[in-house]
2 protein chains.
Amino acid sequence: MSTRRMTIGRLAKSAGANLETVRYYERIGLMPAPPRTDGGHRSYLFEHLQRLRFIRRSRELGFGLDAIRRLIALSEPGVQACCEVRDMAREHVASIDARIADLQRLRGVLQKAAADCRNPETSRCPVIEALGG
Amino acid sequence: MSTRRMTIGRLAKSAGANLETVRYYERIGLMPAPPRTDGGHRSYLFEHLQRLRFIRRSRELGFGLDAIRRLIALSEPGVQACCEVRDMAREHVASIDARIADLQRLRGVLQKAAADCRNPETSRCPVIEALGG
DNA sequence: GCTACAACCCGTAGCCGCTACAGGATCAAG
DNA sequence: CTTGATCCTGTAGCGGCTACGGGTTGTAGC
């Protein structure tokens, strides 16, 4: 079943990834090395596409490549590791929260400094002042 | 006035930066090359510290090194460029807003998937499912 | 003055996650 | 059989540092 083959270009496109990214994933062992044609071109199956989509989706959600490696291992059939996966997701949510808080703080500082610029009485640039210049 | 000299170590510490980062900034032309002692050690003045603090603060606020280069040029005395600086700050606020929105979206997806884990009826791990595995 | 040891010097390589070449070989359509 | 798109490998670059290694200098105590 589903013995249709795809070139790396098609695979990449179907998963919304860059072709060289796919080769990169193979090099670092995130994607398995696919079979080749006689001429040496990579020849992918549907399972490769699933894997690549999984990786891309995880990346889009902000997981690092090492975390994705773990997620892949945990998603193997037969591995009962839902709790671990959930914990990883929760940790990740926490780190996202921290980054959001950080960005909101920055935003506040910058916004305030830029807003002061409306005031024509200020002689020195308030943004530069906020930066310590 | 203020002819006190500092070593690179002191400078770095005073600005909360890493020593090698200071050398890196010098290499890429973000910090000026300071005078040297007879033995060849860098010898910094207070103005260097001001500059380094400006850079670090800008970095903390999320500006890239190229943007900081422009900010430094615009903060030179005699340059009346408050509007440009303000525009840079505003652009930066906009990009921060975009990143925050992005992170909040991710957070939503992850949070929802992780929350579904409480439900013991689900056979497949909902987080893995959300990732497309 | 001499010794110890911290602090400095320079250059290079590594980190993450790609991306972009160069210089070829192969594949599919006409 | 030719064209042109796609593929191959290998290497180098991005931003913004950080970490080494192997050497030199600065400084405090004796």
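Chain identifiers are assigned alphabetically (A, B, ...) following the order of the sequence lines, protein sequences preceding nucleic acid strands; residue numbering begins at 1 within each chain. Heavy atoms only: backbone and side chains are in, while hydrogens, waters and symmetry mates are out.
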Margin query: For a quick test of reading the model: is some side-chain N or O of B:Tyr24 closer than 4.0 Å to OP1 or OP2 of D:dG15?
Written below: no

Next item on the list: Using a 4.0 Å heavy-atom cut-off, write out nucleotides 5-13 of chain D from 5' to 3' as B (base contacted by protein), S (sugar-phosphate only) or - (no contact).
Entry: --SSB----

Next item on the list: Could you tell me whether B:Arg42 and B:Glu26 have a side-chain N and a carboxylate O separated by less than 4.0 Å?
Entry: yes

Notebook entry, point to check: Would you call B:Arg105-B:Asp102 a salt bridge at under 4.0 Å N-O?
Noted result: yes

Margin query: I want to check something: taking the side chain as every heavy atom from C-beta on, are B:Gln104 and A:Ile96 in contact at a cut-off of under 4.5 Å?
Written below: no

Margin query: Could you check whether any side-chain heavy atom of B:Val127 comes within less than 4.5 Å of a side-chain heavy atom of A:Arg90, counting everything from C-beta outward?
Written below: no

Checklist line | Nearest heavy atoms of B:Ile128 and A:Leu71, plus distance in Å | finding: CD1-O, 3.8 Å

Next item on the list: Looking only at non-hydrogen atoms, find the nearest pair between A:Ser14 and A:Arg53 and report the distance.
Entry: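 Smallest heavy-atom distance, with atoms named: O-NH2, 3.3 Å.
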
d([atom1], [X]; [atom2], [N]) in whole Å:
X: B:Arg69; N: D:dG16; atom1: CZ; atom2: C1'; answer: 12 Å
X: B:Ile68; N: D:dG16; atom1: CD1; atom2: C1'; answer: 10 Å
X: B:Leu65; N: D:dT18; atom1: CG; atom2: P; answer: 12 Å

Notebook entry, point to check: Counting any heavy atom closer than 4.0 Å, what does B:Arg56 reach on the DNA or RNA strands: base, sugar-phosphate only, or nothing?
Noted result: sugar-phosphate

Item checked: Sugar-phosphate, base or nothing in reach of B:Phe63, heavy atoms under 4.0 Å -> nothing

Notebook entry, point to check: Of all nucleotides in DNA chain C with an atom under 4.0 Å from a non-hydrogen atom of chain B, which is the first and which the last going 5' to 3'?
Noted result: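 The contacted stretch runs from C:dC8 to C:dC10.
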
Margin query: Closest-nucleotide mapping onto DNA chain D: is B:Thr37 or B:Gly64 further toward the 5' terminus? I mean the 5' end.
Written below: B:Gly64

Notebook entry, point to check: Under 6.0 Å from the CZ atom of B:Arg99, do we count more than 12 heavy atoms belonging to anything else shown?
Noted result: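 Atom CZ in B:Arg99 is not crowded, with 12 or fewer foreign heavy atoms closer than 6.0 Å.
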
Margin query: Please tell me whether B:Arg56 and B:Tyr25 have a donor and an acceptor in their side chains that are separated by less than 3.5 angstrom.
Written below: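 Yes - a donor-acceptor pair under 3.5 Å links their side chains.
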
